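What follows is a single structure, written as structure tokens, with notes after it.
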Amino acid sequence: MKDLTTKKILFVICGGVSAYKSLETIRLFKKNNAEIKTILTKSAKEFVTPLSIASLSQGKVYDDLFNVENETEMDHIALSRWADVIVVAPATANTISKLSQGSSEDLASTVILASNKQVFLAPAMNVRMWEHPSTKDNLKNLKSFGYKFIGPVTGDMACGEYGEGKMSDPYDIFNEISIFLSSQFKNKKIKALVTAGPTNEYIDPVRFITNKSSGKQGYEIAKSLSRRGFNTTLISGPTSLKIDEDIKLIKVETAEEMFKATQKNLPTDIAVFSAAVADYKINKKSKDKIKKQENLNINLEQNIDILNYVSNHNSMRPKLVIGFAAETSDLDKNAISKLRNKNCDWIVANDVSKKNIGFESNYNEVTIHYKNTPNKKEKLSLKKKSEISEEIVDRIVNQIN
Ligand code: PMT
């Protein structure tokens, strides 16, 4: 539950199959006490009715006809000034194109053009439309105007195709906007460092030892921190993930590189170590590709423990050091012993033997243990990694304050 009392949200609903999801999005905002007004584009009315929106939002619903008939009550400048934030969901390819051109041919585009508020767009369209170079150009344009995007996500589409272009879940839209609205750390003076993803430890120039970390959990933590206003640096092992532009991303491959990048980015106020760093590296990496042979022995030696180093680096120890523990048995016991041995303030334990959480999955379930309150443990039940991250960052915000 987020308290959005006094927050004013102007919704713009465009004409697309996912317009029905806006009803749920509006319901979430209303449940959290936000004040809502809505603009329906002409084609949006083919998918949702003004009456259903008005009933759910308990606020006014505007359309182009209303504008023509009653310009004084529906002054587009006043409406854009009224809002704390404008949310366009779904944002169709057509509306994205109009906004990119600075068009003012209907009420929605006119209000947005006249606005001095943060505009969020939740795109929804067919994968080919999303991937089309003209849409990409429009996105670049809108980003350069400072508009922010939520999604789209990848999945099955209403048209029967599969790919990127689906509108984000109502909860994710609600979450992103409410974080923006209640963000307390706008000044970006508090530094946060996050490690994420796997490391590759090379045997020869083309082969390496790695693990199944996708980086998802760490990237979500970095995103949550950045959205709350923390000045965030993400040190990432090899992943295919993308990250928001306002996060400083440092890409590394080996544990040694991750260590050096971490050292370079100290001091920091907060450090979260979610990377699955290889405990071992190859003792003597072969210069050339190793030829096929009957038996091959590889000697391993320990990598430096980055978390341990930072936790015990007295002069530059962050105010808050958070480790992760990836366990396959005795979750609590092993996590608590890592909390002690690595001298971190909190440890976030997850059971990586379960297929639906931990490595690669979009979901996780974690238990947090605290150094200063050894009897306290908090379980965050199964949910999306983005939600787990939000809950961890909620705790970070409380601790830092
Ligand atoms: O990336 P995803 O697919 O989203 O999966 C998420 C995750 C399972 C990788 C993540 O939730 C997680 O558990 N990360 C920690 C993985 C890990 O390596 O745990 P560990 O128990 O081996 O290490 C304990 C802590 O020491 C971790 O904070 C780790 O980052 C740190 N460490 C370990 C070894 C080392 N050489 N340097 C370190 O800093």
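Note that the structure is predicted; figures quoted are calculated from it, not measured. Start at 1 and go down the list; that is how both ligands and their atoms are numbered.
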Looking at ligand 1, would [X] count as a contact under a 4.0 Å heavy-atom criterion?
X: I304; value: yes
X: G218; value: no
X: A255; value: no
X: G197; value: no

Using a strict cut-off of 4.0 Å, indicate which atoms of ligand 1 neighbour a heavy atom of [X].
X: D279; value: 34 (C)
X: A275; value: 15 (C), 16 (C), 17 (C), 18 (O), 29 (C), 30 (O)
X: K385; value: 2 (P), 3 (O), 4 (O), 5 (O)
X: V352; value: 8 (C)
X: S274; value: 9 (C), 10 (C), 12 (C), 14 (N), 15 (C)
X: S213; value: 1 (O), 2 (P), 3 (O), 9 (C)
X: G323; value: 28 (O)
X: A325; value: 21 (O)

#### Entry: Residue pair A93 / M129: nearest heavy atoms and the distance that separates them
CB-CE, 3.7 Å
### Task
Kindly say whether the aromatic ring centers of F29 and F174 come within a distance under 6.0 Å.
yes
### Single hit among E201, E256, E257 for salt bridge (charged side-chain N to carboxylate O under 4.0 Å, His left out) with K281
E256
### Identity and separation of the nearest protein heavy atom to atom 33 (C) of ligand 1
K342 NZ, 3.5 Å
Do [X] and [Y] sit within salt-bridge range, that is, some charged N less than 4.0 Å from a carboxylate O?
X: K45; Y: D63; value: yes
X: K319; Y: D345; value: no
X: E24; Y: R27; value: yes
X: D332; Y: K377; value: yes

#### Entry: Under 3.5 Å: N/O of S361 near N/O of ligand 1
no
### Query
Just heavy atoms, cut-off under 4.0 Å: does N350 contact ligand 1 by side chain, backbone, both, or neither?
side chain
### Message
I need the contact type for K216 against ligand 1. Using non-hydrogen atoms and a strict under-4.0 Å cut-off, is it side chain, backbone, both or neither?
### Response
both
### Summary
Candidates E220, K338, E360, K212; heavy atom nearest atom 20 (P) of ligand 1 found on K338
### Message
Can you confirm whether the side chains of D394 and N398 place a donor and an acceptor under 3.5 Å from each other?
### Response
no
#### Entry: Between N94 and T92, a side-chain donor and acceptor under 3.5 Å
no
### Query
Partners of E176 by side-chain contact (heavy atoms from CB on, under 4.5 Å), sequence neighbours excluded?
F120, I150, R227
